[in-house]
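Note that the numbering runs from 1 along the sequence shown for the chain.
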Amino acid sequence: QVQLVESGGGSVQTGGSLKLSCSASINTAIRVCMAWFRQAPGKEREGVAGIDSDGRLNYTDSVKGRFTISKDNAKRILYLEMSNLKVGDTAMYYCALARGPTSNGGLCYSLLDPDGFSYWGQGTQVTVSS
């Protein structure tokens, strides 16, 4: 079993910053992909940022230059640092994990595709107001 617990969400004004955390119950350093997804009411779930245990990173275009994903393997915590927040960033943010290998030998098929992730946290709400 894999357990993921998010924290750090809250309400901020446009231009503010937040740092989200995701604590994992398993080793985050070997054969895993981890990512942050978000979902707003009436919208589909979208990938925000992902990282795998080989050091690969990916971000959706709308957050590049503003968000930074990182991981502390000793503490088994995934982070998402968010700055210059915009109203459009308002959503429930979820932490997710996939375990490799895939059928083609990779760690996961895509760092920003929710269909490839099997384990999910309960989410933490981020609200940005103007």
Check: Does CZ belonging to Arg99 count more than 12 external heavy atoms closer than 6.0 Å?
Finding: no
Next item on the list: Say whether Val32 and Leu57 are linked into one hydrophobic cluster, either directly or through other cluster members, by side-chain heavy-atom distances under 4.5 angstrom.
Entry: yes
Item checked: Exercise: identify the closest heavy-atom pair between Gln122 and Tyr94 -> O-CE2, 3.5 Å
Margin query: Please determine whether side chain to side chain contact (heavy atoms under 4.5 Å, CB included) holds for the pair Gln125 and Thr90, giving the CA-CA distance in whole Å, both sets of side-chain angles, and the decisive distance to 0.1 Å.
Written below: CA-CA 8 Å; Gln125 178 68 39; Thr90 296; 4.1 Å; yes
Next item on the list: Quick one: closest heavy-atom pair of Leu4 and Cys95, and the distance?
Entry: CD1-O, 3.7 Å
Notebook entry, point to check: Looking only at heavy atoms, which two atoms of Ser53 and Ala29 are closest? And how far apart?
Noted result: CB-O, 3.2 Å
Margin query: Within this structure, what is the OG1-CG distance for the pair Thr28 and Asp72, rounded to the nearest 0.5 Å?
Written below: 7.5 Å
Checklist line | Gap between atom CD1 of Ile51 and atom NZ of Lys71 - 0.5 Å precision | finding: 5.0 Å
Margin query: Just to verify, what does Asp89 make a salt bridge (Lys or Arg N to Asp or Glu O under 4.0 Å) with, not counting sequence neighbours?
Written below: Arg38, Arg66
Item checked: Considering all heavy atoms, the nearest Cys33-Asp52 contact -> SG-CB, 3.7 Å
Notebook entry, point to check: Is it true that Phe67 and Phe37 fall in one hydrophobic cluster, defined by side-chain heavy atoms closer than 4.5 Å?
Noted result: no
Show me, pair by pair, the donor-acceptor contacts under 3.5 angstrom made by side chains of residues 7-25, not counting sequence neighbours?
residue : atom : partner : partner atom : Å
Thr14   : OG1  : Ser129  : O            : 3.2
Ser25   : OG   : Gln3    : N            : 2.8

Next item on the list: Kindly write out the residues that satisfy side chain to side chain contact (heavy atoms under 4.5 Å, CB included) with Lys64, not counting sequence neighbours, or none if the list is empty.
Entry: Tyr59, Asp61
Check: Is there any disulfide bond (SG atoms under 2.5 Å apart) pair reaching into residues 41-89, and which pairs are they, with sequence neighbours excluded?
Finding: none
List the atom pairs, with distances to 0.1 Å, where a side-chain N or O of residues 74-82 and a protein N or O form a donor-acceptor pair under 3.5 Å, not counting sequence neighbours.
none

Could you list the donor-acceptor pairs under 3.5 angstrom formed by side chains in residues 106-121, with sequence neighbours left out?
residue : atom : partner : partner atom : Å
Tyr109  : OH   : Ser103  : N            : 3.2
Tyr109  : OH   : Ser103  : OG           : 2.8
Ser110  : OG   : Leu112  : N            : 3.4
Asp113  : OD1  : Asp115  : N            : 3.0
Trp120  : NE1  : Phe117  : O            : 3.1

Check: Among the clusters formed by ILVMFWY side chains lying less than 4.5 Å apart, do Trp36 and Met34 turn up in the same one?
Finding: yes
